[in-house]
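Throughout, protein chains are lettered first and strands after them, A, B, ... in sequence-line order, and every chain is numbered starting at 1.
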2 protein chains.
Amino acid sequence: MAKAVQQRTLQTRARLVAAAQEVIADVGYEGLRVEQVVLRAGVAKGTFFAHFRDKDALMDQLIGAGIDAHLDQIEALATPQSVAEIVEAFMPLMRFMTCERYVFDVILRHSGAAAISEIGPIANTFGRHVEVVAPWLAKGPFRKDIDGMLLAEGVQAFTVQAMSLVFCALHAEVDLRARLTLYLNAWLTPKG
Amino acid sequence: MAKAVQQRTLQTRARLVAAAQEVIADVGYEGLRVEQVVLRAGVAKGTFFAHFRDKDALMDQLIGAGIDAHLDQIEALATPQSVAEIVEAFMPLMRFMTCERYVFDVILRHSGAAAISEIGPIANTFGRHVEVVAPWLAKGPFRKDIDGMLLAEGVQAFTVQAMSLVFCALHAEVDLRARLTLYLNAWLTPKG
DNA sequence: TGTAAAAAATGACCGCGGTCAATAATAAAT
DNA sequence: ATTTATTATTGACCGCGGTCATTTTTTACA
């Protein structure tokens, strides 16, 4: 039994990813065209689809990597001791996730796994997000009446809700930080 | 000043909508092709796009109408007095929203208005949803420490989260009703 | 080396959403 | 009625994601 994957394969894939990042640097995520990517990479169109199931799979990988990089930063932080500190810790990640409407759409589409038994990069970052937040909540001055995982899932739900409002005409005036702070105070430190 | 809109226009639009519904009955929302719709309606392809900005706009209208019909039913109900009753009231709507992955994606994409200053049918139903729930929460045995609108927004966020998990491989085993009940108990009747 | 089997790359081709200059139908004015 | 202005319809055409039979390259083995 030989090497399952050839050297050439890795090179081609790396070239495709590098080319894609260059294209994105030029025209943004939404402006990316597969044809431009293969042109830069110097391969045929069909080759792209031999390496990625579809354009969305490439986006899943690239955006997932971006989220992971932000989560690395977040994990290196000292444990936040308040809602304000939690919000602040997540601001850079949220800014990235909402840098383009198209990016946020891709994230939403992949946040629940794209297909059954097929958990992609972005879906994994959502799992990671919960695992990062749960211990914070356990250590901090927050409600203790419900399971830590459930509490963390709630934080995630409200984070998504707050980001959605960035693109919502009805709530355009309310900024992301203030909105998430409002949600998390109500969720994490209920007085009723 | 004459009638701004001709009779013919209304007829054509009605034919297009009717044709679209027939196509959906045949092949589902995801299977809908604009060409099939115009074929059934007996008009040219360009006509479709004179009546709808794009395919998404048609979906927005049709799915938005579906959600509105469910909200009509929900509004006719007696005010729920518990989390269980709230969940039950929303089950049919949630089943509709998650009848196809594509449908849920369209809903997410349009739940925050599609474009600035352009609030579509689905975005409106999200506003309506909050307005239906808020009075329920004010009257029922739920926490009173935060604003009613905020409380209702939270219900919406958790409803979306619960529906997302329907399509998520990581949580496929957990059913919608149980998941939402868990969320809403934690949100509406905190003990901490 | 030479050769056969497996893996990777190719590019012509297709499906389908969306555009637009040209045309037809309707309403308004004389 | 005839002309004029406005609005609706048409269908050839384009952009772009995605497919697949064919060709090229690599690997395994004699």
Undergrad: Should we count CD of B:Gln81 as having more than 12 external heavy atoms under 6.0 Å?
TA: yes

Undergrad: OP1 or OP2 of D:dA8 less than 4.0 angstrom from a side-chain nitrogen or oxygen of B:Thr12, does that happen here?
TA: no

Undergrad: Please state how far atom CZ in A:Phe52 lies from atom P in C:dA8, giving the value in whole angstrom units.
TA: 14 Å

Undergrad: Apply the side chain to side chain donor-acceptor pair (under 3.5 Å) test between A:Asp26 and each candidate in A:Gln21, A:Arg40, A:Gln36; give the one that qualifies.
TA: A:Arg40

Undergrad: On the nucleotide C:dA9, are OP1 or OP2 found under 4.0 Å from the side-chain N or O atoms that A:His51 carries?
TA: yes

Undergrad: For the pair made of CZ in A:Phe48 and P in C:dT10, what is the distance, rounded to whole Å?
TA: 14 Å

Undergrad: Among the candidates C:dT19, D:dC16, D:dA8, find the nucleotide nearest to the side-chain atoms of B:Arg8.
TA: D:dA8

Undergrad: Please classify the nucleic acid contact of B:Thr9 as base, sugar-phosphate, or nothing, using heavy-atom distances under 4.0 Å.
TA: sugar-phosphate

Undergrad: If you assign each of B:Asp54 and A:Gly42 to its closest nucleotide in DNA chain C, which residue comes earlier from the 5' end?
TA: A:Gly42

Undergrad: Given atom CD of B:Gln6 and atom C1' of D:dA5, what is their separation to the nearest angstrom?
TA: 12 Å

Undergrad: So what does B:Lys45 hit on the nucleic acid, given a heavy-atom distance under 4.0 Å: a base, only sugar-phosphate, or nothing?
TA: base

Undergrad: Ignoring the backbone of B:Val43, work out which of D:dG17, C:dG17, D:dT10 is nearest its side chain.
TA: D:dT10

Undergrad: What contact category does B:Leu32 fall into here, base, sugar-phosphate, or nothing, at under 4.0 angstrom with non-hydrogen atoms?
TA: sugar-phosphate

Undergrad: I need the CZ-P distance between A:Arg13 and C:dA8, as an integer number of Å.
TA: 9 Å

Undergrad: Quick one: A:Lys55 NZ to C:dG17 P, roughly how many Å, whole number?
TA: 16 Å

Undergrad: Donor-acceptor pair, distance only, cut-off 3.5 Å: does the side chain of A:Glu30 make one with the backbone of A:Arg101?
TA: no

Undergrad: Is the count of non-hydrogen atoms from other residues, nucleotides or ligands lying under 6.0 Å from A:Glu22 atom CD greater than 12?
TA: yes

Undergrad: Just how far, in rounded Å, is C1' of C:dT26 from CD of B:Gln7?
TA: 12 Å

Undergrad: With a 4.0 Å cut-off on N to O distance, would you call B:Glu75 and B:Arg128 a salt bridge?
TA: yes

Undergrad: So which nucleotide from D:dC16, D:dG18, C:dA8 ends up closest to the side chain of A:Arg33?
TA: D:dC16

Undergrad: Between A:Phe49 (CZ) and D:dC20 (C1'), how many Å, whole number?
TA: 13 Å

Undergrad: Send over the distance from A:Glu35 CD to C:dT10 C1', rounded to a whole Å.
TA: 15 Å

